[in-house]
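Both backbone and side-chain heavy atoms feed into the values below; hydrogens, waters and symmetry mates do not. Because the structure is a prediction, the values reported are computed rather than measured.
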Amino acid sequence: MASLMTANGGICRLCLQVHWNDFETIDHNTTAVILNILNLTMDVAISDEPVMCKNCSRSVEMAFDFKSTCLFTEELVMLFARDQQTSHFHLKDVYKELKSLVTANDSVCRFCMTCSETSNFLCLDVMIEEGLVSQKMLDLYLPEIDYNIVELLVCRPCVGSLVSYLKFATVCATTEESDN
């Protein structure tokens, strides 16, 4: 097995960029589990000492935090659906059950359950129509989410997190393809 380390730097396993003193050695076990949760199929054991740059490390952490939040929200939504024995409800109903009252002008984020004025949200269907995200990418990297069960409004922070996650996933997928 070759090393991704050079005399003065390392080649990031995730983005394949050379970094000087701005990288960390990849922990095979932890990183492999996190990449698996993120649905990023990358062989981190491709070298003796795989490294990850600080930018990719931050991207992994942010993507993992975002997806963990999405999975937690999905679990809440599914539990509510089972309890109510229906798949026709609004996220406002889930929010009311768990937290508090919601006004008529409020909406609830599909990914994080944040409640705020509707003007602070984007519709996921519109994001898909405008090419900000694709249904294929959502199905590939967030397959656990049921996109048919409730309204698909996304708060602005989650829009940013979603777009960043999908861009990072694309970089990783391209990197893995170039290795093969």
Is there a continuous path of hydrophobic side-chain contacts, each under 4.5 Å between heavy atoms, that joins [X] to [Y]?
X: Phe89; Y: Leu79; result: no
X: Phe64; Y: Phe168; result: yes
X: Phe121; Y: Leu91; result: no
X: Met62; Y: Ile145; result: no
X: Ile37; Y: Leu166; result: yes

Within the 4.5 Å heavy-atom criterion, are [X] and [Y] side-chain neighbours or not?
X: Arg13; Y: Thr31; value: no
X: Leu138; Y: Ile128; value: yes
X: Met137; Y: Thr170; value: yes
X: Phe111; Y: Thr73; value: no
X: Arg110; Y: Leu153; value: no
X: Val108; Y: His90; value: no
X: Asp83; Y: Glu97; value: no
X: Leu162; Y: Leu124; value: yes

Can you tell me how far the [atom1] atom of [X] sits from the [atom2] atom of [Y], to the nearest 0.5 Å?
X: Met113; Y: Cys115; atom1: CE; atom2: SG; value: 8.5 Å
X: Thr118; Y: Asp106; atom1: OG1; atom2: CG; value: 6.5 Å
X: Leu132; Y: Leu122; atom1: CG; atom2: CG; value: 7.5 Å
X: Glu144; Y: Met78; atom1: CD; atom2: CE; value: 11.5 Å
X: Cys53; Y: Leu16; atom1: SG; atom2: CG; value: 10.0 Å
X: Cys112; Y: Phe66; atom1: SG; atom2: CZ; value: 8.5 Å

What closest approach, in Å, do Val94 and Leu76 show between heavy atoms, and which atom pair accounts for it?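 Nearest heavy atoms, Val94 then Leu76: CG1-O, 4.4 Å.
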Just by modelled atom types, is the [Y] backbone N or O under 3.5 Å from a matching donor or acceptor in the [X] side chain?
X: Tyr165; Y: Tyr141; answer: yes
X: Asp139; Y: Lys136; answer: no
X: Glu74; Y: Asp146; answer: yes
X: Asn120; Y: Cys155; answer: no

Between Val133 and Val163, is the side chain to side chain contact (heavy atoms under 4.5 Å, CB included) condition met? List the steps. CA-CA 7 Å; Val133 298; Val163 170; 4.3 Å; yes
With a sphere of 6.0 Å drawn around OH of Tyr147, does it hold more than 12 non-hydrogen atoms of other residues, nucleotides or ligands?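 Yes, OH of Tyr147 has more than 12 neighbouring heavy atoms, counting only those of other groups under 6.0 Å.
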Check each of Cys123, Ser161, Cys109, Ser107 against Val154 using the side-chain contact (heavy atoms from CB on, under 4.5 Å) test, and report the only one that passes.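 Testing Val154 for a side-chain contact (heavy atoms from CB on, under 4.5 Å) against Cys123, Ser161, Cys109, Ser107 leaves exactly one candidate, Cys109.
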